[in-house]
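Worksheet for the structure shown next.
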Amino acid sequence: MPAATTRELRRFGLTVGGAFLILGSLSRWRGHTTAPAVMWVVGTLLVVPGLLVPAVLVPVYRFWMGPVLRVATLVGEVVSRVFLGVLFYLVFAPIGLVMRRFRDPLDRTLHDGRASNWVKRPQAPVDPKRYEQTF
């Protein structure tokens with residue numbers, strides 16, 4: 001990992017520390033007592049050095065961008081696959097089954113006596129302008 005600049009360290013301290021302060025405030029608003037105090041302390045320990053002496057945050061920044069980021073990426077990969085799987089099997093698959101049961105959105109059936117699914121279009125002169133803006 002390349003060395004972090006003062007600007008990156010400042011942004012890290014303010015962003016992550018600010019997030020902890022906001023989460024602590026939300027937790028306090030919900031009636032908790034211990035968790036908000038811990039989050040406020042962590043947030044303050046990140047925001048104050050981020051404003052005054054960002055170089056102090058180098059070890060915290062390395063830890064946060066190393067193992068913590070790797071674990072968060074792995075959790076995100078798993079959760080996104082689970083969420084998308086649940087979405088597919090509980091939303092899209094039933095909708096597809098219902099649509100296939102009651103109607104054919106592509107009109108693929110030949111029950112009306114047609115010999116093919118080809119749709120005849122009326123002959124029209126070709127206008128080159130229609131190819132310039134297709135949508």
Taking all heavy atoms of [X] and all of [Y], pick out the closest pair and write down the distance.
{"X": "Pro36", "Y": "Gly24", "value": "CB-O, 3.3 Å"}
{"X": "Val58", "Y": "Ala55", "value": "CG2-O, 3.2 Å"}
{"X": "Leu21", "Y": "Trp40", "value": "O-NE1, 3.5 Å"}
{"X": "His32", "Y": "Arg28", "value": "O-NH1, 3.1 Å"}

Within this structure, what is the [atom1]-[atom2] distance for the pair [X] and [Y], rounded to the nearest 0.5 Å?
{"X": "Arg10", "Y": "Thr15", "atom1": "CZ", "atom2": "OG1", "result": "12.0 Å"}
{"X": "Leu14", "Y": "Leu9", "atom1": "CG", "atom2": "CG", "result": "11.0 Å"}
{"X": "Ile22", "Y": "Leu26", "atom1": "CD1", "atom2": "CG", "result": "7.5 Å"}
{"X": "Leu84", "Y": "Tyr89", "atom1": "CG", "atom2": "OH", "result": "12.0 Å"}
{"X": "Thr34", "Y": "Met39", "atom1": "OG1", "atom2": "CE", "result": "10.5 Å"}
{"X": "Glu132", "Y": "Asp127", "atom1": "CD", "atom2": "CG", "result": "8.5 Å"}

Residue pair Phe20 / Val47, side-chain heavy-atom distance below 4.5 Å: no

Q: For the residue pair Arg62 and Pro59, establish whether any side-chain heavy-atom pair is separated by less than 4.5 Å.
A: no

What about [X] and [Y], same hydrophobic cluster or not, with Ile/Leu/Val/Met/Phe/Trp/Tyr joined at side-chain heavy-atom distances under 4.5 Å?
{"X": "Val48", "Y": "Leu57", "value": "no"}
{"X": "Val42", "Y": "Met65", "value": "yes"}
{"X": "Met99", "Y": "Phe88", "value": "yes"}
{"X": "Ile95", "Y": "Leu87", "value": "yes"}
{"X": "Val53", "Y": "Leu46", "value": "no"}

Residues at least two apart in sequence or cross-chain that pass side-chain hydrogen bond (donor to acceptor under 3.5 Å, both in side chains) with Glu77, listed by chain then number, are Arg81

Check your understanding: Using a side-chain heavy atom cutoff under 4.5 Å and only I, L, V, M, F, W and Y, what cluster partners does Val41 have?
Key ->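 Reading the cluster by chain and number, Val41 sits alongside Leu45.
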
